[in-house]
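Okay, so here's the structure we're looking at.
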Amino acid sequence: QVHNVESGGGLVQPGGSLRLSCAASGFSVDYNSIAWFRQAPGKEREGVSCIRRGDGMTRYVGSVRGRFTISRDRAKNTVYLQMNSLRPEDTAVYYCAASKRSLIHSACLDNTQYDYWGQGNPVTVSS
């Protein structure tokens, strides 16, 4: 059975850090492209970061570039999203998603390319 389990969200003050984890079950993070998406209240789901299967190419949406880092641990079969210098506008429910496709750069943050989704993990940035 294939599923992703997210953890690591919560409440943090502006400027703080959190690390989200996406533990994969039933598939390998090395052989699937993995992405993080987020959805804030009243807004559409947005692609945040992705890491491509195989070569590990990464991509970030402009608003998080330089603050967030995506990585994968093959031994733990887990993908992480390290989030630093958090801002109130980063508040959202964060989802990890997996795709069997080796996605080109421009498609890596397209949610229609992903097959398996986690349950969502809320992140709140507030003082």
Side-chain angles (χ1 to χ4, degrees):
Q1 188 175 2
V2 173
H3 60 269
N4 318 327
V5 178
E6 300 130 341
S7 60
L11 173 65
V12 64
Q13 292 186 342
S17 297
L18 283 174
R19 189 178 76 162
L20 302 182
S21 300
C22 175
S25 178
F27 66 95
S28 168
V29 298
D30 210 22
Y31 295 110
N32 285 263
S33 297
I34 308 292
W36 288 95
F37 293 84
R38 66 185 179 187
Q39 189 164 19
K43 294 188 177 181
E44 292 188 355
R45 189 168 295 188
E46 173 188 41
V48 176
S49 182
C50 54
I51 184 165
R52 185 165 65 187
R53 59 176 283 178
D55 66 4
M57 176 212 71
T58 60
R59 184 182 177 192
Y60 300 89
V61 69
S63 60
V64 309
R65 194 172 296 123
R67 300 188 297 123
F68 291 11
T69 303
I70 191 170
S71 62
R72 65 188 176 196
D73 185 327
R74 294 178 176 86
K76 295 183 178 180
N77 207 29
T78 298
V79 171
Y80 301 100
L81 185 68
Q82 178 67 44
M83 306 186 295
N84 299 328
S85 301
L86 282 160
R87 305 167 180 169
E89 53 265 39
D90 294 317
T91 295
V93 176
Y94 284 72
Y95 300 86
C96 74
S99 171
K100 295 184 181 298
R101 304 169 184 85
S102 181
L103 300 172
I104 61 174
H105 191 263
S106 60
C108 195
L109 293 179
D110 178 356
N111 63 7
T112 66
Q113 301 297 314
Y114 289 85
D115 308 298
Y116 308 110
W117 291 79
Q119 78 282 3
N121 200 0
V123 171
T124 302
V125 184
S126 175
S127 54

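- With side-chain heavy atoms closer than 4.5 Å counting as contact, directly or through intermediates, Leu11 stands alone and belongs to no larger hydrophobic cluster.
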In residues 118-127, what donor-acceptor pairs under 3.5 Å come from side-chain atoms, sequence neighbours left out?
{"from": "Gln119", "atom 1": "NE2", "to": "Glu6", "atom 2": "O", "distance (Å)": "3.4"}
{"from": "Asn121", "atom 1": "ND2", "to": "Ser7", "atom 2": "O", "distance (Å)": "3.2"}

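- No chain of hydrophobic side-chain contacts below 4.5 Å, direct or via other Ile, Leu, Val, Met, Phe, Trp or Tyr residues, connects Leu81 to Leu103.
- Between Ala35 and Cys108, the shortest heavy-atom contact is CB-O, 4.1 Å.
- The salt bridge (Lys or Arg N to Asp or Glu O under 4.0 Å) pairs that include a residue from residues 76-87 number zero, where partners must be two or more places apart or lie in different chains.
- There is no side-chain donor-acceptor pair under 3.5 Å between Asp30 and Ser28.
- Residue pairs that meet the ring-ring contact (aromatic ring centres under 6.0 Å, His included) test with at least one member in residues 52-84, sequence neighbours left out, do not exist here.
- Following chains of ILVMFWY side-chain contacts shorter than 4.5 Å, one can reach Val61 starting from Leu20, so the two form part of one hydrophobic cluster.
- Sorted by first and then second residue, the disulfide bond (SG atoms under 2.5 Å apart) pairs with a member in residues 58-106 read Cys22-Cys96; sequence neighbours excluded.
- Among residues two or more places apart in sequence or in another chain, the side-chain contact (heavy atoms from CB on, under 4.5 Å) test is passed with Ser17 by Gln82, Asn84.
- Here the shortest heavy-atom pairing between Leu18 and Val12 reads CD1-CG1, 4.0 Å.
- Applying the side chain to side chain donor-acceptor pair (under 3.5 Å) test to Asp73 and every residue at least two apart in sequence or in another chain returns nothing.
- Hydrophobic cluster membership of Val5, counting Ile, Leu, Val, Met, Phe, Trp and Tyr whose side-chain heavy atoms lie under 4.5 Å apart directly or via other members: none, as it forms a cluster of its own.
- With Asn77 contributing its side chain and Ala24 its backbone, the two residues share a donor-acceptor pair below 3.5 Å.
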Check residues 43-51 and write down every donor-acceptor pair under 3.5 Å in which the side-chain atom is one partner and the other belongs to a residue at least two apart or another chain.
{"from": "Glu46", "atom 1": "OE1", "to": "Arg38", "atom 2": "NE", "distance (Å)": "2.8"}
{"from": "Glu46", "atom 1": "OE1", "to": "Arg38", "atom 2": "NH2", "distance (Å)": "3.3"}
{"from": "Ser49", "atom 1": "OG", "to": "Arg59", "atom 2": "O", "distance (Å)": "3.1"}

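- Here the closest heavy-atom approach between residue Arg67 and residue Leu86 is recorded as NH1-CA, 3.9 Å.
- Grouping the Ile, Leu, Val, Met, Phe, Trp and Tyr side chains by contacts below 4.5 angstrom, directly or via other members, places Trp36 apart from Met57.
- Applying the side chain to side chain donor-acceptor pair (under 3.5 Å) test to Ser99 and every residue at least two apart in sequence or in another chain returns Arg101.
- With sequence neighbours excluded, the residues satisfying salt bridge (charged side-chain N to carboxylate O under 4.0 Å, His left out) with Arg52 are Asp55.
- For residues 84-127, the ring-ring contact (aromatic ring centres under 6.0 Å, His included) pairs, not counting sequence neighbours, are Phe37-Tyr114, Phe37-Trp117.
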